[in-house]
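Note that the numbering runs from 1 along the sequence shown for the chain.
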Amino acid sequence: MSVEPRVNDQIRAREVRLVGPEGEQVGIVPLERALQLAADVDLDLVEVAPMARPPVCKLMDFGKFKYESALKAREARRNQQQTVIKEMKLRPKIDSHDYETKKGHVVRFLKAGDKVKVTIMFRGREQSRPELGFRLLRKLEEEVAEVGFVESSAKQDGRNMIMVLAPHRGGKVAVARKGEDDSLPDADETVAEPTAQA
């Protein structure tokens, strides 16, 4: 089904509520009269409210209207920010070196403007010690506070505990280039949701 408005001879109503080129109300007129007025001022008769009774039509330059609408749509798409959620998986008894490596990944993802879903995976008897996971997530939250904040607090989800971190408002922070900061590990960022196993 076409979403474009009906123009000139495509309009089927017997009479229309006519709006002038400057937005002034002309009133309800027969379709033939509206088409004649459009031809007199070298404009198109465009049906802007087809569901009204009678339909509302406006005198305008339809080509220019379509062009401006396309420009606005393109600008709106350009301004949309695509949110990517990266995922980082940890174990409650993670080694300190592994923790620092994964924290580096989280920091880099946040600096790039991406959200990070941090998952603590419990196995076996670890499930009876959820406080270990809470403590680890709290520690991570405090250590990345400069680049991100907790968007969704830590909560238990079956065998996992999940927390979502989001970058601070104000756009993307410049990502550290290789060689500038050796504490940030290299990782493949081409995948929308990379998963790192502990």
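Scored by the salt bridge (Lys or Arg N to Asp or Glu O under 4.0 Å) test, Glu68 finds no partners at all (sequence neighbours excluded). Listed by chain and number, the residues in a salt bridge (Lys or Arg N to Asp or Glu O under 4.0 Å) with Glu146 amount to none (sequence neighbours excluded). Residues passing the side-chain hydrogen bond (donor to acceptor under 3.5 Å, both in side chains) test with Ser69, sequence neighbours excluded: none. With sequence neighbours excluded, no residue forms a salt bridge (Lys or Arg N to Asp or Glu O under 4.0 Å) with Lys139. With sequence neighbours left out, Arg159 forms a salt bridge (Lys or Arg N to Asp or Glu O under 4.0 Å) with no residue at all. With sequence neighbours excluded, the residues satisfying ring-ring contact (aromatic ring centres under 6.0 Å, His included) with Phe149 are His168. For the side-chain hydrogen bond (donor to acceptor under 3.5 Å, both in side chains) test, residues two or more places apart in sequence or in another chain that qualify with Lys115 are Glu151. Every residue two or more places apart in sequence or in another chain was checked for a side-chain hydrogen bond (donor to acceptor under 3.5 Å, both in side chains) with Lys93, and none qualifies.
Between Leu45 atom CG and Leu18 atom CG the span is 6.5 Å, to the nearest 0.5 Å. Rounding to the nearest 0.5 Å places NZ of Lys58 at 15.0 Å from CD of Glu47. The NZ atom of Lys89 sits 10.0 Å away from the NZ atom of Lys102 when rounded to the nearest 0.5 Å. Here CG of Leu90 is found 7.5 Å from CE of Met88. Values are rounded to the nearest 0.5 Å. One finds the CD1 atom of Ile94 at 10.0 Å from the CG atom of Leu140 (value rounded to the nearest 0.5 Å). Atom-to-atom distance recorded for Asp44:CG and Cys57:SG is 11.5 Å, nearest 0.5 angstrom.
Annotation: side chain of Arg6 is in contact with side chain of Pro50 (closest heavy-atom distance under 4.5 Å). Between Leu110 and Val116, the closest side-chain pair of non-hydrogen atoms falls below 4.5 Å. Annotation: side chain of Met121 is in contact with side chain of Thr119 (closest heavy-atom distance under 4.5 Å). Contact of the Leu165 side chain with the Val144 side chain is registered, since non-hydrogen atoms from C-beta on lie closer than 4.5 Å. Considering only heavy atoms from C-beta on, Asn8 stays 4.5 Å or farther from Phe62 through its side chain. Inter-residue side-chain proximity for Leu43 and Met60 is flagged as unmet; no heavy-atom pair is nearer than 4.5 Å. The shortest distance between side-chain heavy atoms of Phe109 and Glu87 does not fall below 4.5 Å. Residues Arg91 and Arg123 meet the side-chain proximity criterion, which asks for heavy atoms closer than 4.5 Å.
Val26 and Val48 fall into different hydrophobic clusters, defined by Ile, Leu, Val, Met, Phe, Trp and Tyr side-chain heavy atoms under 4.5 Å apart, directly or through other members. Residues Ile11 and Val29 share a hydrophobic cluster, clusters being chains of Ile/Leu/Val/Met/Phe/Trp/Tyr side chains in contact below 4.5 Å. By the rule that hydrophobic residues join a cluster once side-chain heavy atoms approach within less than 4.5 Å of another member, Val164 and Val118 end up as members of separate clusters. Put simply, Val46 and Leu59 are part of two different groups of oily side chains (I, L, V, M, F, W, Y) that touch within less than 4.5 Å, one to the next.
Through direct or relayed side-chain contacts under 4.5 Å between Ile, Leu, Val, Met, Phe, Trp and Tyr, Leu132 connects to no other residue.
The ring pair (Phe, Tyr, Trp, His ring centres under 6.0 Å) analysis of residues 112-140, with sequence neighbours excluded, yields no pairs. Legend: side chain to side chain donor-acceptor pair (under 3.5 Å) pairs involving residues 13-37, not counting sequence neighbours, sorted by first then second residue: Gln36-Asp40. Among residues at least two apart or in separate chains, there is no ring pair (Phe, Tyr, Trp, His ring centres under 6.0 Å) pair with a member in residues 14-60.
Applying the side chain to side chain contact (heavy atoms under 4.5 Å, CB included) test between Arg129 and each of Glu126, Arg125, Glu131 identifies Glu131 as the sole match. The side chain to side chain contact (heavy atoms under 4.5 Å, CB included) with Leu137 is formed by just one residue from the set Ile162, Ile120, Val150; it is Ile120.
When all heavy atoms of Val16 and Ala34 are compared, the closest pair comes out as CG2-CB, 3.8 Å. Closest approach of Pro55 and Ala13 over heavy atoms only: CG-CB, 3.6 Å.
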Self-check item: Steps toward side-chain contact (heavy atoms from CB on, under 4.5 Å) verdict (Lys103, Glu143)
Solution: CA-CA 8 Å; Lys103 184 181 83 174; Glu143 292 180 4; 3.0 Å; yes
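Around the CG atom of Asp42, the shell of radius 6.0 Å holds no more than 12 heavy atoms that belong to other residues, nucleotides or ligands.
Comment: Glu141 engages Arg138 in a salt bridge, judged by a side-chain N to carboxylate O separation of less than 4.0 angstrom.
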